[in-house]
Protein chains: 2
Amino acid sequence: MARPRFEKLDLETRRRILETAAVEFSARGFEGASLNQLLDRLDLSKGSFYYYFDDKADLFITVVDYAWKVMLPAEDLDLGDLDATVFWPTLELLMRETRARVHEKPWLVGLARLMYDPPEAAGVREALAEKFAEVRQWQEDLIRRGQHVGAVRSDLPADLLRALLVGADEAGDQWFVANWNRFDEDEIERLSEEVVAIYRRMLEAPPAERKS
Amino acid sequence: MARPRFEKLDLETRRRILETAAVEFSARGFEGASLNQLLDRLDLSKGSFYYYFDDKADLFITVVDYAWKVMLPAEDLDLGDLDATVFWPTLELLMRETRARVHEKPWLVGLARLMYDPPEAAGVREALAEKFAEVRQWQEDLIRRGQHVGAVRSDLPADLLRALLVGADEAGDQWFVANWNRFDEDEIERLSEEVVAIYRRMLEAPPAERKS
DNA sequence: CATTTATTTAAACCAATCGGTCGAATCTCC
DNA sequence: GGAGATTCGACCGATTGGTTTAAATAAATG
């Protein structure tokens, strides 16, 4: 984790360094990302870099830590407060927030994707795994809470539902990014609401009866 | 596209070369994939490689072409045949097939993912884009047909529905791979059916009434 | 068998890039 | 002006990149 001196830099400078690095890492992986290119892009000299970080792995770990702080949703939310009546409105709000966050920082999903075949360098793999396991766990707990209060179907494992939801949501998000200006604002809003309704229908108990 | 001589090789040899290359490309991208490592893994000498391919880009294009042939589903299916009664059973069958195919060749999704920031080399980007646009188009036509016969809701764009479905499906597939032995066979089967039912509910028209 | 043609091999190539080091230059503040 | 903090970029050895080449082997041809 970055040398203490790093904390004394401008908040904005730190943000710029970490986010630019995050973009590189998320696009090319840990070993694939080039320190040289990154420093070019940052207009930062080698010497300065090694003044603030031990090495490449150190930078990566710092980036993951930063990503964790950014991605962490509403820390003020207590799962215990959620009952059947507020569960869905809350989750819809959360999804809106997350969408906005991922929308402005797309590298978050790229980083998360690094977890399938993770880097091999020393503490790097562990740092990654730990943080993102926490995120997954949080999402899963949320869904489990939904099951407990009857807002989410209980006949499928919570982690399966989580996977389906997140998968659809990421795809949906990409679609919205790509098609932002194909429709007018009202239509986008309508589509967005319908999509959230679809997510909800994915997780709720299915209608009891249906003819095959 | 590979030299003509390449076609005279064992079918199995060709398959091995192209699939190993596909794994590399899908994991590290076009520039990220190392020809040297690939040849090591293949126990193939440099000379032999350049005897069959012009260069790295040529290999890549050949791989994409091969992937396209593999991924192409049921070419004997005529969209015109699908009416409201057979649409869903057919699509469920198709999804099973595709799942099996992607399951044994996970690099297919990796290759597809290369389309977000695509390689820059000469004909490479175009080759990629063309083939995978065809796949997307095919899926989208299918959904549009579903809309036409009333099996799929028509109040959302077909490509949006496609994106959501494929996103959820890929995530679900990964979940099944990772949790294969957590449940017994019957349970897996049940889960799988429920998940397909969820996909169906994502695309069908929502129930007319619901209390907020 | 001889000779041509197809295929494979291993080494060499050279440019580029990698992460990392270092000593000197510059800045900041007393 | 002196001392510590910070910045700089040339430089390092090592590795890797994709590609070429000349010679060895195998297959085919007459």
Side-chain angles (χ1 to χ4, degrees), chain A residues 1-14 16-18 20-25 27-64 114 119-125 127, chain B residues 1-14 16-18 20-25 27-64 114 119-125 127:
Chain A
M1 194 83 92
R3 298 227 167 88
R5 332 195 229 267
F6 184 65
E7 305 303 326
K8 315 210 312 208
L9 282 177
D10 257 32
L11 184 82
E12 168 58 20
T13 310
R14 274 182 287 162
R16 193 173 127 265
I17 291 178
L18 294 181
T20 313
V23 170
E24 274 288 305
F25 283 130
R28 314 201 189 225
F30 174 70
E31 19 233 357
S34 158
L35 207 51
N36 292 325
Q37 288 180 32
L38 171 64
L39 296 182
D40 262 8
R41 208 155 302 172
L42 283 171
D43 268 317
L44 187 68
S45 72
K46 272 273 176 71
S48 292
F49 173 80
Y50 278 94
Y51 183 68
Y52 291 112
F53 298 93
D54 290 336
D55 49 23
K56 194 187 182 184
D58 187 30
L59 169 65
F60 184 82
I61 293 177
T62 309
V63 163
V64 169
L114 278 188
E120 303 181 5
V124 167
R125 189 176 57 255
Chain B
M1 195 85 93
R3 297 223 166 87
R5 330 194 233 260
F6 184 66
E7 305 302 325
K8 315 210 313 208
L9 282 176
D10 258 34
L11 184 80
E12 168 59 19
T13 309
R14 272 181 288 162
R16 193 173 126 265
I17 292 177
L18 294 181
T20 312
V23 171
E24 274 287 306
F25 282 131
R28 317 201 188 226
F30 174 69
E31 318 154 292
S34 158
L35 208 50
N36 292 325
Q37 289 179 31
L38 172 63
L39 296 181
D40 263 6
R41 208 157 302 174
L42 282 172
D43 267 316
L44 187 68
S45 72
K46 279 261 174 85
S48 291
F49 172 81
Y50 279 93
Y51 182 69
Y52 291 113
F53 299 92
D54 290 337
D55 50 22
K56 194 187 183 185
D58 188 28
L59 169 65
F60 184 82
I61 292 177
T62 310
V63 164
V64 169
L114 277 187
E120 304 182 4
V124 167
R125 189 178 56 254

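Every value quoted in this text rests on a predicted model; they were computed, and no experiment measured them. Labels below follow one simple rule: chain letters A, B, ... track the order of the sequence lines, proteins then strands, and each chain is numbered from 1.
As a whole-Å value, the separation of B/Glu24 CD from D/dT16 P is 13 Å. For the pair B/Asp55 CG and D/dG17 C1', the computed distance is 14 Å after rounding to whole Å. The interatomic distance linking B/Phe60 (CZ) with D/dG18 (C1') rounds to 16 Å, in whole Å. Taking atom CG of residue B/Leu35 and atom C1' of nucleotide D/dT19, one finds them 9 Å apart after rounding to whole Å. For B/Asp58 and D/dT19, the CG to C1' distance is 14 Å, given to the nearest whole Å. Protein atom OH of B/Tyr52 is 18 Å distant from nucleotide atom P of D/dT19, rounded to whole Å. B/Leu39 places its CG atom 11 Å from the P atom of D/dT19, with the value rounded to the nearest Å. In this structure, the CZ atom of A/Arg3 is 13 Å from the P atom of D/dA5, given to the nearest Å.
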Evaluation steps, salt bridge (charged side-chain N to carboxylate O under 4.0 Å, His left out), between A/Glu31 and A/Lys56
CA-CA 9 Å; A/Glu31 19 233 357; A/Lys56 194 187 182 184; over 6 Å; no
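In this structure, B/Thr62 and B/Ala2 approach most closely via the heavy-atom pair OG1-N, 3.1 Å. Looking at every heavy atom in both residues, B/Leu114 comes nearest to B/Gly29 through CD2-CA, 3.5 Å.
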For nucleotides 23-29 of chain D, tabulate all protein N/O to nucleotide N/O atom pairs closer than 3.5 Å, reporting atom names and distance.
none

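Among residues two or more places apart in sequence or in another chain, the side chain to side chain donor-acceptor pair (under 3.5 Å) test is passed with B/Arg5 by none. Listed by chain and residue number, B/Phe30, B/Asp55, B/Val124 satisfy the side chain to side chain contact (heavy atoms under 4.5 Å, CB included) test with B/Ala57 (two or more places apart in sequence, or in another chain). Remark: B/Arg125 engages no residue in a salt bridge (charged side-chain N to carboxylate O under 4.0 Å, His left out) (not counting sequence neighbours). Partners of B/Arg28 by side chain to side chain donor-acceptor pair (under 3.5 Å), not counting sequence neighbours: none found. With sequence neighbours excluded, no residue satisfies salt bridge (charged side-chain N to carboxylate O under 4.0 Å, His left out) with A/Glu120. Partners of B/Arg16 under the salt bridge (charged side-chain N to carboxylate O under 4.0 Å, His left out) rule, at least two apart in sequence or in another chain, do not exist in this structure. Applying the side chain to side chain donor-acceptor pair (under 3.5 Å) rule to A/Ser45 yields the partners A/Ser48; only residues at least two apart in sequence or on another chain are considered. Under the salt bridge (charged side-chain N to carboxylate O under 4.0 Å, His left out) criterion, B/Asp54 pairs with B/Arg3, sequence neighbours left out.
Residue contacts shown for A/Ala33 are limited to sugar-phosphate atoms, with no base heavy atom under 4.0 Å away. Residue-level contact check: A/Gln37 touches the backbone only, with heavy atoms under 4.0 Å from sugar-phosphate atoms and none from bases. Residue B/Phe49 is classed as having no contact, given no heavy-atom separation below 4.0 Å to the nucleic acid. Counting any heavy atom pair closer than 4.0 Å across all strands shown, A/Phe53 reaches no nucleic acid atom.
Phosphate contact (OP1/OP2 of C/dT8, side-chain N/O of B/Tyr50, threshold under 4.0 Å): absent. Phosphate proximity of D/dG17 to B/Ser34: present, with a side-chain N or O under 4.0 Å from OP1 or OP2. Of the side-chain N and O atoms in B/Asn36, one or more sit less than 4.0 angstrom from OP1 or OP2 of D/dG17. Of the side-chain N and O atoms in B/Tyr51, none sit less than 4.0 angstrom from OP1 or OP2 of C/dT8.
Here the nucleotide nearest the side chain of B/Lys56, chosen from C/dG19, D/dT6, D/dT19, is D/dT19.
Listed by residue number, A/Ser45, A/Lys46, A/Gly47, A/Ser48 are the residues of residues 41-48 of chain A with a heavy-atom contact under 4.0 Å to DNA chain D. Interface residues of residues 5-14 of chain A facing DNA chain C, ordered by number: none; criterion, heavy-atom separation under 4.0 Å.
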Taking only distance into account, with no hydrogens and no angle test, what donor-acceptor pairs under 3.5 Å do side-chain atoms of residues 32-41 of chain B form with protein atoms, sequence neighbours excluded?
unit_1: B/Ser34; atom_1: OG; unit_2: B/Asn36; atom_2: N; d: 3.3
unit_1: B/Ser34; atom_1: OG; unit_2: B/Gln37; atom_2: N; d: 3.1
unit_1: B/Asn36; atom_1: OD1; unit_2: B/Lys46; atom_2: NZ; d: 2.7
unit_1: B/Arg41; atom_1: NH1; unit_2: B/Glu24; atom_2: OE2; d: 2.7

